[in-house]
Structures are given as C-alpha cells and as structure tokens.
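None of these values were measured; they are calculated from a predicted model.
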Amino acid sequence: MAKGLAVLESFDTERQRLNATQAAQRAGLTRAAARRHLLTLAHLGYLESDGSHFWLSAKVLRFSGSYLASARLPRTAQPTLNRLAAQTRDAYSVAVLEGDAVVIVARSVAAQFMGDWDGSSLALGQSSPSGNRLMAYGMHLGARLPAHASSTGRVLLASLPEPELSAWLEGRVLARLTPHTVTEPRLLCEILAQVRRQDYCIASEEHELGVHAVAVPLRNLEGKTVGALNAVLTPARLARGAIQRELLPLLQEAARELRALL
C-alpha cells in the first residue's frame, strides 16, 4: 500500500504525465514494481492512461473532498477568509505544514481574471484592462509551497519545538527558488527566531518574483499552532505600506476570532 501511494504521489504540478520509468525514479521503485502499481491504480480508476503514460483522474478528488468536508480547520476558517477577501480584495489562505512544504487547505479571493493570467502560479498583481487588480490565481486548494520560502511555512516552522525544528532542518537542502530565497540553514533559523518573537512573518519574492505575503499563526484554545493564515498582496500595495497599516491588524484580529472556534 505504501508503495502504491508513493507512485500516486509522484504525480504533481511539474509532472502531470508519467511513464513507468519516470514513476519508478520518482517513487524509488524498480520499473517493474512501478508499472504494476500504475496498472492497479488505473484499474481502480485513480489514474488514466494512453497505454504508455499515466495521469491522475478525477477520482483522486474523493480524498481531498472528504478532508475538506470533515476537517475542522478549513470549515471553520472559510467564512473568515471570504469576509477578509471581500473587505480588502486581497487573496487569503490557510495552510498547514506537511513534510517539507505547506499545503493550502482553505482560500478565498475577491476576484479572478483568468483571461489575463500569464501562467505563473500567482498573477503578480498586474492590472486588468478594467482597472481591477489581479488576485492570486494559481494558489488552489491542495497546492504545496516550500515551507522555508513562504510566509505560512515560516510561521509554522517557528512554532515547532526546538528538537522538531532541528530534526526538520537536519540534512535538508533548502532550494533556491528566486535570487531572494534564503537557503542557508543558519540564516533561516535566525529568521524563524524573529518570527517567533514578533508572532508574524513577511516574505517577499522568496517563493516567486513579484509575490509578497504576510502570515500569522492560527492557534487553538490550548495555544497549539494548528495552521497559518496569510494574505498575498501586490508590489504596489507593499510599497504603500499596506501590510503594517492594513493587513497585519486584520490577520491578527481574525486569528483571535478563530482561536475560540479551533
């Protein structure tokens, strides 16, 4: 079962279609074993195939649909995200830590302009012909972002006990995603210490050029961090000081409201 799931997880946004050799390399299996699992998953309806390549089918959404319908965090946070997006017309999301990445489990935007989307994971805050700002488009539910280079990831890493953070960093290569990405573990630890002190994180152009975000921790009544709430804003709003003046107070107040519900 573990090997079959490893094959299923080998499909991602970078590789939507895989043959047996590619799946074997990504899952750490022999080609023969990978092919057996691919055929089984196709037989069960979780993959589709043209005979040589395989890709995910809509059936895999059963897992995410069940999670979103039953998990407390996304259900509780969604109304708050909708209210914030309508209030400021920025993009908001809630993420949780999963391995080396954060996973978006809830999100809301006020408007999306698919016709102007340039194919990047975020719409970079450019303006549409109508004058409206583009919201973050590609940050869909279930999207994974590198924890070390995202505002939500740093908030969640900063909340880990020291032994767990050390174990997370041990032997880990921090990928450079832009010229601004912090890849030195010592420097990342210093940043996380600052995040821990100030209880929020601002990340600018470390995951993607033109993308700026601010995040705060979401805690339950026991004080445990169960997720991170963030807002993505455009360079123009960053330059006008929107984070400190507008977004951070809104996020902090929303986190306080949600604490009693989590």
Side-chain angles (χ1 to χ4, degrees), residues 61-112 122 135-147 150-162 164-165 168 192-203 207 211-233 237 242-262:
L61 293 176
R62 287 188 179 185
F63 300 113
S64 58
S66 298
Y67 168 77
L68 293 173
S70 60
R72 187 171 187 175
L73 179 58
R75 287 189 296 112
T76 302
Q78 192 62 57
T80 298
L81 298 183
N82 294 342
R83 173 175 58 81
L84 291 173
Q87 183 176 349
T88 71
R89 302 193 68 236
D90 294 294
Y92 294 85
S93 63
V94 169
V96 296
L97 187 64
E98 201 279 310
D100 61 352
V102 292
V103 179
I104 296 177
V105 298
R107 77 179 302 263
S108 185
V109 296
Q112 296 175 348
L122 292 173
M135 297 295 103
Y137 172 73
M139 303 310 295
H140 52 82
L141 289 177
R144 296 173 63 87
L145 301 176
S150 58
S151 61
T152 48
R154 288 179 177 177
V155 163
L156 294 168
L157 289 174
S159 71
L160 295 177
E162 198 63 38
E164 291 185 31
L165 178 58
W168 189 91
L192 296 180
Q194 181 181 3
V195 171
R196 200 174 296 115
R197 289 192 300 270
Q198 63 191 21
D199 213 29
Y200 69 87
C201 176
I202 298 173
H207 167 246
V211 175
H212 308 271
V214 55
V216 299
L218 289 176
R219 299 187 178 95
N220 59 21
L221 285 175
E222 288 73 41
K224 179 182 178 181
T225 298
V226 296
L229 167 65
N230 90 326
V232 177
L233 72 162
R237 279 171 53 70
I243 286 183
Q244 299 288 353
R245 187 178 65 254
E246 303 171 19
L247 291 178
L248 186 56
L250 281 176
L251 293 175
Q252 291 170 330
E253 178 59 27
R256 284 192 290 269
E257 293 174 359
L258 288 170
R259 183 167 187 169
L261 304 175
L262 298 174

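A distance-only check finds a donor-acceptor pair linking the side chain of Arg259 to the backbone of Asn220 [under 3.5 Å].
Minimum heavy-atom separation, Ile243 to Pro249: O-CD, 4.0 Å. Shown here for Val155 and Tyr200, the closest heavy-atom pair between the two residues is CG2-C, 4.5 Å. Tyr67 approaches Val105 most closely through the heavy-atom pair OH-CG1, 3.6 Å. Scanning both residues, Ser93 and Asn230, for their nearest heavy atoms gives OG-OD1, 2.5 Å.
Interatomic distance, CZ of Arg196 versus CD of Glu162, reported as 6.0 Å (0.5 Å rounding). For the atom pair Leu250 CG and Arg245 CZ, the distance stands at 11.5 Å (nearest 0.5 Å). Taken from CG in Leu229 to CG in Leu84, the straight-line distance is 6.5 Å, to the nearest 0.5 Å. Between the OG1 atom of Thr152 and the CG atom of Leu157 there is a distance of 9.5 Å, given to the nearest 0.5 Å. The CG atom of Leu61 sits 10.5 Å away from atom CG of Leu141, with the distance rounded to the nearest 0.5 Å. For the atom pair Leu73 CG and Leu261 CG, the distance stands at 11.0 Å (nearest 0.5 Å).
With sequence neighbours left out, the side chain to side chain contact (heavy atoms under 4.5 Å, CB included) criterion links Ala231 to Tyr92, Val214, Leu247, Leu251. Judged as a salt bridge (charged side-chain N to carboxylate O under 4.0 Å, His left out), and not counting sequence neighbours, Arg75 has no contacts. Partners of Ser108 under the side chain to side chain contact (heavy atoms under 4.5 Å, CB included) rule, at least two apart in sequence or in another chain, are Gln78, Leu81, Asn82, Ala85. When the side chain to side chain donor-acceptor pair (under 3.5 Å) test is applied to Glu253, the partners found at least two apart in sequence or on another chain are Arg256. In this view, Thr76 satisfies the side chain to side chain donor-acceptor pair (under 3.5 Å) rule with no residue, not counting sequence neighbours. For Gln252, there are no side chain to side chain donor-acceptor pair (under 3.5 Å) partners at least two apart in sequence or on another chain. Arg83 pairs by the salt bridge (charged side-chain N to carboxylate O under 4.0 Å, His left out) definition with Glu257, not counting sequence neighbours. The side chain to side chain contact (heavy atoms under 4.5 Å, CB included) check on Ala255 picks up Val216, Leu218, with sequence neighbours excluded. Shown here are the ring pair (Phe, Tyr, Trp, His ring centres under 6.0 Å) partners of Phe63, two or more places apart in sequence or in another chain: Tyr46. For Pro79, the side chain to side chain contact (heavy atoms under 4.5 Å, CB included) criterion is met by no residue, not counting sequence neighbours.
Contact of the Leu97 side chain with the Leu160 side chain is registered, since non-hydrogen atoms from C-beta on lie closer than 4.5 Å. Side-chain atoms of Glu246 and Thr88, non-hydrogen and from C-beta on, never get closer than 4.5 Å to each other. The shortest side-chain heavy-atom distance between Arg154 and Leu192 falls under the 4.5 Å cut-off.
For the salt bridge (charged side-chain N to carboxylate O under 4.0 Å, His left out) condition, the pairs that include at least one residue of residues 213-227, sequence neighbours left out, are Asp199-Arg219.
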